[in-house]
Amino acid sequence: QVQLVESGGGLVQAGGSLRLSCAASGRSSSNYAMAWFRQGPGKEREFVAAIRQSGVTTYYADYVKGRFTIARDNAKNTVSLQMNSLKPEDPAIYYCAADRRRIVALTTIRGDYWGQGTQVTVSS
C-alpha cells in the first residue's frame with residue numbers, strides 16, 4: 001500500500017503557473033502508474049494526466065494537453081504536475097492517485113490509492 005500527500009496548490013492569476021507535487025510513502029511509488037485527477041465545484045472528478053512506472057510514457061486529457069506536464073522522480077518517490085497557462089476552468093481540488101495494477105493502459109488508469117487533494121484557484 002502507498003500513502004500519497006499532495007502539495008503546491010494555491011491562488012494564481014489566469015495565464016499563470018503552478019507546480020503540484022505528490023509525495024509517496026509506504027510502498028515505493030515506482031511500482032505504480034500514477035495520475036492526477038481533479039474535481040471542480042459541482043463537478044465530478046475527472047482525469048487530468050497519467051504517467052507509467054518508468055516515467056517514459058505519459059497521457060493527458062485533451063483540455064490540459066500542451067499546458068500541463070506530468071513527471072516523476074522514482075528516486076524521491078514523487079510525482080509532479082507542472083501547470084502552465086492556467087485558465088478560469090482549471091480551478092479544482094487536484095488529487096494524486098496510484099493504480100496498483102502492474103500493467104496499465106494509461107487511457108484506463110484508475111485510482112486505487114488517493115491523496116487528500118490540494119486546492120487550485122485561478123483568478124481572472
Side-chain angles (χ1 to χ4, degrees):
Q1 193 167 347
V2 63
Q3 292 77 45
L4 305 172
V5 178
E6 302 94 336
S7 62
L11 173 64
V12 64
Q13 284 190 327
S17 299
L18 275 177
R19 182 181 177 87
L20 306 183
S21 292
C22 174
S25 61
R27 193 173 183 212
S28 173
S29 63
S30 63
N31 291 289
Y32 303 94
M34 301 292 293
W36 288 93
F37 291 79
R38 69 185 185 185
Q39 186 167 16
K43 298 180 180 179
E44 293 188 352
R45 191 173 296 187
E46 62 183 8
F47 168 78
V48 175
I51 188 167
R52 283 194 183 279
Q53 290 90 326
S54 66
V56 173
T57 305
T58 58
Y59 175 64
Y60 297 91
D62 286 344
Y63 37 82
V64 304
K65 196 175 296 182
R67 300 189 296 123
F68 291 12
T69 302
I70 188 171
R72 68 190 299 162
D73 185 334
N74 286 336
K76 297 182 179 179
N77 278 336
T78 59
V79 178
S80 63
L81 185 68
Q82 178 67 42
M83 305 186 296
N84 299 328
S85 303
L86 282 160
K87 299 180 178 180
E89 56 263 38
D90 291 322
I93 299 175
Y94 282 72
Y95 296 91
C96 177
D99 190 317
R100 65 186 177 192
R101 295 172 294 178
R102 180 172 293 182
I103 299 174
V104 179
L106 294 184
T107 53
T108 64
I109 197 165
R110 71 190 187 198
D112 291 312
Y113 305 106
W114 294 89
Q116 84 289 348
T118 186
Q119 178 73 53
V120 172
T121 305
V122 179
S123 64
S124 56

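With hydrogens and angles disregarded, no donor-acceptor distance shorter than 3.5 Å links the side chain of N74 to the backbone of S54. Between the side chain of Q53 and the backbone N or O of R102 there is at least one donor-acceptor pair closer than 3.5 Å. The main-chain N or O of G55 is never found under 3.5 Å from a side-chain atom of R72 such that the two would form a donor-acceptor pair. Looking at E6, its side chain does come within 3.5 Å of a backbone N or O of G117 through a donor-acceptor pair. Formation of a donor-acceptor pair under 3.5 Å by the D99 side chain with backbone atoms of R110 is found in this model.
Here the straight-line distance linking atom CG of L86 with atom OG of S124 works out to 13.0 Å at 0.5 Å rounding. Between W114 atom CH2 and F37 atom CZ the span is 4.5 Å, to the nearest 0.5 Å. Distance check: L11 CG to Q119 CD gives 10.0 Å after rounding to the nearest 0.5 Å.
Residue pairs satisfying the salt bridge (charged side-chain N to carboxylate O under 4.0 Å, His left out) criterion with at least one member in residues 28-38, sequence neighbours excluded, are listed as follows: R38-E46, R38-D90. Counting only residues at least two apart or on different chains, the disulfide bond (SG atoms under 2.5 Å apart) pairs with a member in residues 17-120 are C22-C96.
Listed by chain and residue number, Y113 satisfy the ring-ring contact (aromatic ring centres under 6.0 Å, His included) test with Y32 (two or more places apart in sequence, or in another chain).
For the pair N77 and S30, the tightest heavy-atom approach, listed with the atom from each and the gap, is OD1-N, 4.2 Å. Nearest heavy atom pair, residue A35 against residue I70, reads CA-CD1, 4.4 Å. Shortest non-hydrogen contact noted between N84 and S17 is OD1-OG, 2.9 Å. Of all heavy-atom pairs between V2 and A24, the closest is CG2-CB, 3.7 Å.
A single hydrophobic cluster is seen to contain both V48 and Y60, as judged by linkage of ILVMFWY side chains at heavy-atom distances under 4.5 Å, directly or through other members. Under the 4.5 Å side-chain heavy-atom criterion for Ile, Leu, Val, Met, Phe, Trp and Tyr, V120 and Y63 are members of the same hydrophobic cluster.
Other residues, nucleotides and ligands contribute only 12 or fewer heavy atoms inside 6.0 Å of the CD atom of Q13.
Exactly one residue among L20, I51, L18, V64 makes a side chain to side chain contact (heavy atoms under 4.5 Å, CB included) with L81. That residue is L20.
Annotation: side chain of W36 is in contact with side chain of V79 (closest heavy-atom distance under 4.5 Å). A heavy-atom distance below 4.5 Å is found between the side chains of M34 and L4. The closest side-chain heavy-atom distance from L106 to R52 is below 4.5 Å. The shortest distance between side-chain heavy atoms of Y94 and M83 falls below 4.5 Å.
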